[in-house]
2 protein chains.
Amino acid sequence: MLSIGELSRETGVKVPTIRYYEQMGLITAPERSAGNQRRYSRAELERLAFIRHGRDLGLSIEDIRELLELSAIPDQTCAQANKIAADHLAVIREKILRLKKLEKELARIATGCKGHTIGECYVIESLSNHGLCADGH
Amino acid sequence: MLSIGELSRETGVKVPTIRYYEQMGLITAPERSAGNQRRYSRAELERLAFIRHGRDLGLSIEDIRELLELSAIPDQTCAQANKIAADHLAVIREKILRLKKLEKELARIATGCKGHTIGECYVIESLSNHGLCADGH
DNA sequence: CTTGAAGCTATAGTGGCTAGAGGGATTATA
DNA sequence: TATAATCCCTCTAGCCACTATAGCTTCAAG
Ligand SMILES: [Zn+2]
Ligand SMILES: [Zn+2]
Ligand SMILES: [Zn+2]
Ligand SMILES: [Zn+2]
């Protein structure tokens, strides 16, 4: 049996976050010690590691909740699990595209200032005037 | 003089967001009509457009607040404005790098499932086992 | 003068945590 | 066994940048 601190160290999930996940119903309330402290089993550690991995991959809590529910039914079709992964990949790709556009614009803005005062500053001018931007963002 | 709705249409900033910016002190409380409704001048429209452009470029409210304060002092050096832009560019580039790693991992996960049931699902397996991941994320 | 859109304030909710206050439990050492 | 250090408990509030709702008032067009 692990204390919440040990579980935290083993999974890399911070202690208040573990309690938060319990409150959100992502993990069930564990056993308690005689003095009312949480005590976790190995199965609970694995579940938390699954959650952590999902979060590290950028999945939302709700996606993870659904994947956890699915993973409890080994005989069911995995179409929905595949869809969650595919949808999330699409979201990440869109984010990358958006950020690349921003990067282009910001690289121009951040390197374009040849002046020395605010009155001549290309950064300030660029923010005042979206017409200087190449892409629509 | 513009009503808050007209200002919203002209800048693309939603009405509740304009009120929120006022509350945050990013824009000053405008004149009011006889019936207590907000009335904006062209100068206020330009200030809001500046804010909107900053947000579209991903700057934080605090960065924008600082840039607005700087822009009021045309004779001062613009070093700080340039720094805000450069720092933000660096943040965006880091985000892109992180998302590209995620994309790689997710592309593998989302396209790797050859099974049909949860029990054989590569998505579920990948989440359970970080060892399958190439990069540390 | 009526109607419907638009505006007002105040409060609470979003996601995913994180921080702090004010205590109780456990464990290691003396 | 005493004590001190560390850990853990609950509860509440805060973070960011909005967004939504409720219950009301004002405005502009016909
Ligand atoms: Zn400059
Ligand atoms: Zn622009
Ligand atoms: Zn599958
Ligand atoms: Zn991994």
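Naming: A, B, ... by sequence-line order, numbering from 1 per chain. Basis for what follows: all heavy atoms, side chains included, without hydrogens, waters or symmetry-related copies.
- Here A:Arg39 does not reach the OP1 or OP2 of D:dC8: none of its side-chain N or O atoms lies under 4.0 Å away.
- Here the side chain of B:Arg55 pairs no donor or acceptor atom with the backbone of B:Ile61 at under 3.5 angstrom.
- We find that A:Arg9 and A:Glu6 are not joined by a salt bridge, their nearest charged nitrogen and carboxylate oxygen being 4.0 Å or further apart.
- Residue A:Ile61 contributes atom CD1, which lies 9 Å from atom C1' of C:dC17 at whole-angstrom precision.
- For the pair A:Ile18 CD1 and C:dA19 P, the computed distance is 15 Å after rounding to whole Å.
- Residue B:Arg32 places none of its side-chain N or O atoms closer than 4.0 Å to OP1 or OP2 of D:dC27.
- Taking 4.0 angstrom as the limit, B:Tyr21 places none of its side-chain polar atoms (N or O) nearer than this to OP1 or OP2 of D:dA17.
- Between B:Val15 and B:Gln23, the residue anchored nearer the 5' end of DNA chain C, judged by the nucleotide with its closest heavy atom, is B:Val15.
- Across C:dC17, D:dT26, D:dC9, the shortest atom-to-atom separation from the side chain of A:Asn36 is found for D:dC9.
- Side-chain nitrogen and oxygen atoms of A:Lys14 include at least one within less than 4.0 Å of the OP1 or OP2 phosphate oxygen of C:dT18.
- Contact between the side-chain N/O atoms of B:Ser33 and the OP1/OP2 oxygens of D:dT26 is not found at any separation under 4.0 Å.
- Applying the 4.0 Å criterion to OP1 and OP2 of C:dT18, one finds that A:Thr17 has a side-chain N or O inside that range.
- For A:Arg93 (side chain) and A:His88 (main-chain N/O), no donor-acceptor pair under 3.5 Å exists by modelled atom type.
- Applying the 4.0 Å criterion to OP1 and OP2 of C:dT9, one finds that B:Arg19 has every side-chain N and O outside that range.
- For A:Gln37, whose side chain is taken as the heavy atoms from C-beta onward, the closest listed nucleotide among C:dG16, D:dA17, D:dC7 is D:dC7.
- Separating the OH atom of A:Tyr20 from the P atom of D:dT12 is a distance of 17 Å, rounded to the nearest angstrom.
- A 6.0 Å sphere centred on NE2 of B:His137 holds more than 12 heavy atoms belonging to other residues, nucleotides or ligands.
- In this structure, the side chain of A:Arg47 engages the main chain of A:Leu26 through a donor-acceptor pair within 3.5 Å.
- In this structure, A:Leu7 atom CG and D:dC9 atom C1' are separated by 16 Å, rounded to whole Å.
- Of the candidate nucleotides D:dT10, C:dT9, D:dC8, D:dT10 has the atom lying nearest to any side-chain atom of A:Arg38.
- Here the side chain of A:Pro16 is nearest to one of C:dG16, C:dT18, C:dT26, namely C:dT18.
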